[in-house]
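For reference, the structure discussed in these notes is given below.
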Amino acid sequence: MAPAVSGRAWALYALMAVLWGIPYLFIKEAVDSLTPAAVVAGRTLLGAAVLLPIALRRRALRPALALWPWVLAFGATEMAGPFLLLGHAEQTLPSGLTGLLVATVPLFATGIALVRGDRSALSPARAVGLVVGFAGLVVIVAGPGLAVAEPAQALGAIAQVLLVALLYAIAPFIIATKLAHVPALGTITLSLLAVGLAYLPFALLTQHELPTVRSGLSLVALGILCTALAFLGFFALIGEVGPVRAPLFTYVNPVVAILLGVLLLGEPLSPGLLLGFPLVLIGCWFAATGGRLRLRRQAPPFAR
């Protein structure tokens with residue numbers, strides 16, 4: 001039976017659903033006048049600049065440097081690969097479809113857990129939750145959300161996003177098994193800095209025009225909100241619920257993206273959203289809790 005979920009974990013789920021639900025909008029705006037490599041470099045370096053003074057003051061970098069190969073592995077699976085692939089994919093795919101594909105992360109995470117011998121990852125109630133949540137996403141983005149101008153080109157973009165989902169599923173296991181006792185702030189800062197510096201030459205070589213104001217502001221939001229702040233919340237969530245259930249907020253991410261379009265851009269509120277949103281919430285609850293209502297009193301230890 002899945003352990004009960006604490007109130008703090010639910011708050012972190014909600015935070016991550018928002019912070020990693022809005023990047024699809026910002027990435028779409030950023031790649032309008034920035035290359036994918038420039039978006040990755042700018043996003044990660046800006047996030048590192050925000051966190052570096054705090055990490056230095058708290059002396060959080062030294063423990064991360066001691067395990068630098070695993071820190072770089074985390075940076076590659078959670079940042080370097082996914083950020084670039086999403087930038088390329090969103091030049092072709094609509095945000096709704098991108099969000100739906102990324103929402104397969106919990107399915108990949110469950111598969112990884114099963115391979116590692118964790119049979120509780122596929123208890124009946126949690127399995128039903130995964131299916132119901134994904135069905136809700138299909139309902140939400142069906143129809144116009146799945147329409148693409150060039151289906152042949154879209155196949156490559158879809159493959160890129162599914163690879164992103166796989167990488168996103170692997171990253172929490174690296175944290176939980178190899179970096180659990182490293183301060184989260186040190187791991188995040190070092191990863192962002194390494195990825196940003198690695199992509200900076202490619203950004204300078206590929207970016208041949210000044211970005212628009214909208215692209216620039218979107219990049220700033222990506223760096224501060226969706227990277228620096230979001231990763232701190234993500235590490236805290238892994239510490240609360242573990243690497244298998246932590247990615248479940250990705251089911252809500254595309255819903256957040258669609259709601260932002262309705263509220264900020266005046267996009268129509270489709271019947272699919274009204275029907276699918278409750279399915280997503282119900283599916284996430286069952287997948288996260290196994291149907292339990294009681295809140296957990298104490299969270300397991302995890303380095304902050």
Side-chain angles (χ1 to χ4, degrees), residues 19-20 22-56 60-61 64-65 67-95 98 102 150 153-154 156-168 170-171 174 185-232 234:
L19 291 180
W20 278 349
I22 56 179
Y24 303 111
L25 173 63
F26 291 142
I27 291 173
K28 196 76 172 180
E29 292 287 346
V31 295
D32 184 59
S33 62
L34 289 164
T35 66
V39 172
V40 176
R43 176 181 182 178
T44 52
L45 289 177
L46 183 56
V50 171
L51 297 178
L52 185 58
I54 306 173
L56 290 173
L61 291 181
L65 286 170
L67 293 174
W68 64 266
W70 289 112
V71 173
L72 293 183
F74 169 75
T77 55
E78 184 68 34
M79 304 173 191
F83 289 176
L84 183 68
L85 290 169
L86 285 176
H88 278 294
E90 287 219 49
Q91 291 178 323
T92 302
L93 300 179
S95 296
T98 304
V102 173
E150 301 180 20
Q153 184 178 357
I158 289 172
Q160 291 177 39
V161 181
L162 288 176
L163 178 57
V164 168
L166 174 60
L167 294 174
Y168 277 162
I170 293 172
I174 296 176
L185 184 60
T187 299
I188 297 167
T189 304
L190 187 59
S191 298
L192 289 172
L193 189 60
V195 172
L197 292 176
Y199 271 100
L200 184 58
F202 299 100
L204 296 175
L205 289 173
T206 58
Q207 186 65 37
H208 303 301
E209 61 177 309
L210 290 175
T212 63
V213 174
R214 289 171 66 100
S215 292
L217 292 176
S218 296
L219 184 61
V220 171
L222 282 170
I224 297 176
L225 296 178
C226 307
T227 303
L229 180 59
F231 274 117
L232 292 177
F234 185 46

Which atom names give the shortest non-hydrogen contact between L84 and Y199, and what distance separates them? CD2-OH, 3.4 Å

Looking only at heavy atoms, the pair that brings S218 and A30 closest together is CB-N, 4.1 Å

Nearest 0.5 Å, please: how far is OG1 in T35 from CD in E209? 9.5 Å

Mind listing the closest non-hydrogen atom pair of F83 and E78 along with its distance? CE2-O, 3.8 Å

Inter-residue atom distance L163.CG - I158.CD1, 0.5 Å rounding: 14.0 Å

Do the side chains of E90 and P36 get nearer than 4.5 Å, heavy atoms only? no

Determine the minimum heavy-atom distance between P82 and L167, stating which atoms define it. CD-CD1, 3.9 Å

Scan the side chains in residues 38-50 for donor-acceptor partners under 3.5 Å anywhere in the protein, sequence neighbours excluded, and list what turns up.
from	atom 1	to	atom 2	distance (Å)
R43	NE	T227	OG1	2.6
R43	NH2	C226	O	3.3
T44	OG1	V40	O	2.7
T44	OG1	A41	O	3.3
T44	OG1	G196	N	3.3

Determine whether a donor-acceptor pair (N or O, by modelled atom type, separation under 3.5 Å) exists between the side chain of Y168 and the backbone of V102. no

With a 4.5 Å cut-off on side-chain heavy atoms, are K28 and D32 touching? no

Sequence-distant partners of T77, side chain to side chain donor-acceptor pair (under 3.5 Å), two or more places apart: none

Set of residues satisfying side-chain contact (heavy atoms from CB on, under 4.5 Å) with respect to A157, sequence neighbours excluded: A89, T92, L93

When rounded to the nearest 0.5 Å, the distance separating CD of Q91 from CD1 of I27 is 11.0 Å

Is the backbone N or O of E29 less than 3.5 Å from a side-chain atom of S215, with the two atoms forming a donor-acceptor pair by type? yes

Interatomic distance, Q207 atom CD to F202 atom CZ [nearest 0.5 angstrom]: 15.0 Å

Who passes side-chain contact (heavy atoms from CB on, under 4.5 Å) against A230, sequence neighbours left out? M16, L19, W20

Solution key, residues 185-195 side-chain donor-acceptor pairs under 3.5 Å, sequence neighbours excluded:
from	atom 1	to	atom 2	distance (Å)
T189	OG1	L185	O	2.7
S191	OG	V71	O	3.2
S191	OG	T187	O	2.7

What distance do I22 atom CD1 and L25 atom CG have between them, rounded to the nearest 0.5 Å? 8.0 Å

Run the ring pair (Phe, Tyr, Trp, His ring centres under 6.0 Å) test against F74 and tell me which residues pass, sequence neighbours left out. F235

